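Numbers for residues simply follow the sequence, beginning at 1. What you are looking at is a predicted structure, and each value in this text was computed from that prediction instead of being measured.
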Amino acid sequence: MAVFNVKNVCETTKTKLNEAIVKMEKFLNEHSLLQLNTEVDAAMEDFYKGYLSDTRHLLVFSEVAYEKLGVSLRRPTFNVEYAEKVLYEVYHSCVNNFFYPKNECYSEDGRYAYTGQDAIRFRKKPVREARDLTIELSKIFETLREELAYYETDYITQKRMQGERV
């Protein structure tokens with residue numbers, strides 16, 4: 001990839017991650033397990049514990065990636081190799097963690113991906129705020145997934161062909 005293109009991808013990725021970070025921080029700062037599980041239902045408590053845990057992990061991964069992108073963009077001479085490694089990490093730590101959360105409170109149903117409907121399906125019905133957050137994040141991470149698709153497999157294949165370890 002050309003230097004100019006990699007730098008642009010870093011800038012747009014950083015902007016998208018910041019958008020996601022702001023939304024997750026706001027949600028996590030305003031909602032506790034007790035507030036989410038108003039019915040005091042054991043199954044819903046497990047659901048929300050998993051949901052909050054996954055959201056916190058995603059927030060941390062996103063913040064780390066955001067900082068690394070900032071470092072990449074602030075360097076006096078733009079280092080394409082470092083930037084591409086960071087973009088690879090964004091795909092594998094942020095995008096993948098959003099679409100494949102550890103606690104599986106929601107999943108993406110590919111049958112809805114091209115219909116204009118929300119492709120996210122929840123294991124249990126969450127409160128509106130949790131649903132809205134997840135749908136908003138899905139739009140951000142879907143865009144990142146499309147923009148960073150190169151870093152899913154092609155980047156690694158190229159590095160291996162060059163005899164490099166990632």
For Arg131, side chain to side chain contact (heavy atoms under 4.5 Å, CB included) partners two or more places apart: Asp118, Phe122, Pro126, Arg128, Ile135

Residues which pass salt bridge (charged side-chain N to carboxylate O under 4.0 Å, His left out) with Lys49, listed by chain and number, not counting sequence neighbours: Glu45

NE2 (His31) with more than 12 external heavy atoms under 6.0 Å: yes

Sidechain-backbone polar pair: Asn79 side chain, Glu81 backbone, donor-acceptor under 3.5 Å: yes

Derivation and outcome, salt bridge (charged side-chain N to carboxylate O under 4.0 Å, His left out), residues Arg145 and Glu108: CA-CA 13 Å; Arg145 180 166 61 182; Glu108 181 183 36; 2.6 Å; yes

Pair Glu11 + Lys14: basic N to acidic O under 4.0 Å: no

Nearest atoms (heavy-atom pairs only) where Leu17 meets Ala65: CD1-CB, 3.7 Å

No-hydrogen, no-angle side-chain donor-acceptor test under 3.5 Å, Thr134 and Tyr51: yes

Contacts of type ring pair (Phe, Tyr, Trp, His ring centres under 6.0 Å), residue Phe47, not counting sequence neighbours: none

Presence of salt bridge, Glu89 and Lys68, under 4.0 angstrom: yes

Heavy atoms from other residues, nucleotides or ligands near CD of Glu39 exceed 12 (cutoff 6.0 Å): no

Validation row, ring centre Tyr106 to ring centre Phe98 under 6.0 Å: yes

